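Report on the structure given below.
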Amino acid sequence: VASESAGTAAEAGAEATARFRANKTIGAASSQERVARLAGRVIKAINDAVFEEQVTYDEYNALKSWLIRVGEDGEWPLFLDVWVEHSVEEVANSSRHGSKGTIEGPYYVPNSPARNTPASLPMRESEPGTPLLFQGQITGLSGAPIQDAKVEIWHADDLGFYSQFAPGLPEWNLRGTVLADAEGRFQINTVQPAPYQIPTDGACGQLIAAAGWHAWRPAHIHLKVSAPGYQMITSQLYFPGDPHNTDDIASAVKPELMLDVREQEDGQSRVTTYDFRLDPE
Ligand code: MBD
Ligand code: FE
């Protein structure tokens, strides 16, 4: 615990950029017509803002040097996932009937250690934070149980740090893949995550400070819930009473994603139940 720290924005950014490059198929098939239409719209939106706001050369040059710094700090994944992904997610999943999802964000790592339910996430021997039992059931739209369902889960620790993106944490800390039972039920022992502040010492932090915004996301648990024959749900779940549920910097909170967290009788731990209904493929 002693060696755990935020690290620098550039370290977290470099990791997120490398992960993105390794895991995603970039430049997927888009027709020339589509590229011209989308790029044309974005460029026009910028030019419209220049005219409407009478942008000066000082402002234009500030933008240019800031954009250069976003790349230097490896913060393109962070910038896009915080300020753009929420609308892409809404468009992508608008015709689903099952459980709502929300954005993936920049800190997902595939192939986390797999364990059968009931499971504890990989964590340190005396992992700081309030113990949390997260449980639920994965069903189809009708509510019928689904076989071979799994929950990939990842979240920040009690200081707000993600393993593999902040120094001093074990590789898979608070990341795991939990295989549900034959009825789609799962029980996962973890600790409650802290609210998350996006790095303040990089390009995104510089923008936030210059604009007088804040850098906070409410405490959240990330999930990917999947089963053969069903559409995967990428989601996040939130804790009632978090002051940033109403002003998430990443605009990724939805009322359907709020947990109902109960104190256990021992007064030291909490339990919450959340069910997922998956759309067929
Ligand atoms: C996070 O933990 C996150 O979930 C998002 C969306 C952006 C930055 C950090
Ligand atoms: Fe997150």
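Whatever order the structure lists them in is the order used to number ligands and atoms, beginning at 1. In this text, all values refer to a predicted model and were calculated from it rather than measured experimentally.
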(Q) Tell me the contacting part of Pro106 for ligand 1: side chain, backbone, both, or neither, using a 4.0 Å heavy-atom threshold, strictly below. (A) side chain

Q: Under 2.8 Å from the Fe ion (ligand 2), which protein N, O or S atoms are there? Could you list them by chain and number?
A: Tyr162 OH, His220 NE2, His222 NE2

Q. What are the two closest heavy atoms between Val191 and Pro128, and how far apart are they?
A. CG2-O, 3.8 Å

**Q.** Protein heavy atom at shortest distance from atom 9 (C) of ligand 1
**A.** Tyr196 CE2, 3.1 Å

Q) For Tyr107, is at least one N or O under 3.5 Å away from an N or O on ligand 1? A) no

Q: May I ask whether Glu85 places a heavy atom under 4.0 Å from ligand 1?
A: no

Q.
Can you tell whether the side chains of Arg37 and Glu33 come within less than 4.0 Å, N to carboxylate O?
A. no

**Q.** Stepwise side chain to side chain donor-acceptor pair (under 3.5 Å) check, Thr117 with Gln187
**A.** CA-CA 6 Å; Thr117 188; Gln187 288 199 307; 5.4 Å; no

(Q) I'd like to know whether CD of Gln206 has more than 12 heavy-atom contacts from other residues, nucleotides or ligands below 6.0 angstrom. (A) yes

Q: Specify whether Tyr196 and Tyr162 have parallel, tilted or perpendicular ring planes, treating 30° as the upper limit for parallel and 60° as the lower limit for perpendicular.
A: perpendicular

Q.
Under 4.0 Å from a heavy atom of Gly105: which atoms of ligand 1 are those, numbered in the order shown and with their elements?
A. 6 (C)

Q: Under 4.0 Å from a heavy atom of His222: give me the atoms of ligand 1 that qualify, with their elements.
A: 2 (O), 4 (O)

Q. Short N/O distance, under 3.5 Å, between His220 and ligand 1?
A. yes

(Q) Below 4.0 Å from ligand 1: does a non-hydrogen atom of Glu104 turn up there or not? (A) no

**Q.** Heavy-atom closest pair, residues Ala194 and Gly160
**A.** CB-N, 3.7 Å

Q) What atoms in ligand 1 come closer than 4.0 Å to a heavy atom of Tyr162? A) 2 (O)

(Q) Return the closest protein heavy atom for atom 3 (C) of ligand 1 as residue, atom name and distance. (A) Arg217 NH1, 3.5 Å

Q: Identify the heavy atoms of Pro243 and Thr246 that sit nearest to each other, and give their distance.
A: O-OG1, 3.5 Å

Q | Any Ala252 heavy atom less than 4.0 Å to ligand 1 | A | no

Q: Under 4.0 Å from a heavy atom of Leu78: give me the atoms of ligand 1 that qualify, with their elements.
A: 8 (C)

Q | Heavy atom of the protein closest to atom 6 (C) of ligand 1 (residue, atom name, distance) | A | Ile103 CD1, 3.4 Å

Q: Calculate, to the nearest 0.5 Å, the distance between atoms NE2 and CD1 belonging to His222 and Ile103 respectively.
A: 7.5 Å

Q. So does Arg185 pair up with Asp181, basic N to acidic O under 4.0 Å?
A. no

Q.
Tell me whether the rings of Trp66 and Phe79 are parallel (<30°), tilted (30 to 60°) or perpendicular (>60°).
A. perpendicular

Q. What pair of heavy atoms forms the shortest contact from Glu85 to Gly105, and how long is it?
A. OE1-N, 3.1 Å

Q: Show which atoms of ligand 1 fall inside a sub-4.0 Å distance from at least one heavy-atom site of Val82.
A: 7 (C)

Q. So which heavy atom on Ala149 is nearest to which on Ile138, and how close?
A. CB-CD1, 3.7 Å

Q: Return yes when atom NZ of Lys224 has more than 12 non-hydrogen atoms of other residues, nucleotides or ligands closer than 6.0 Å, and no otherwise.
A: yes

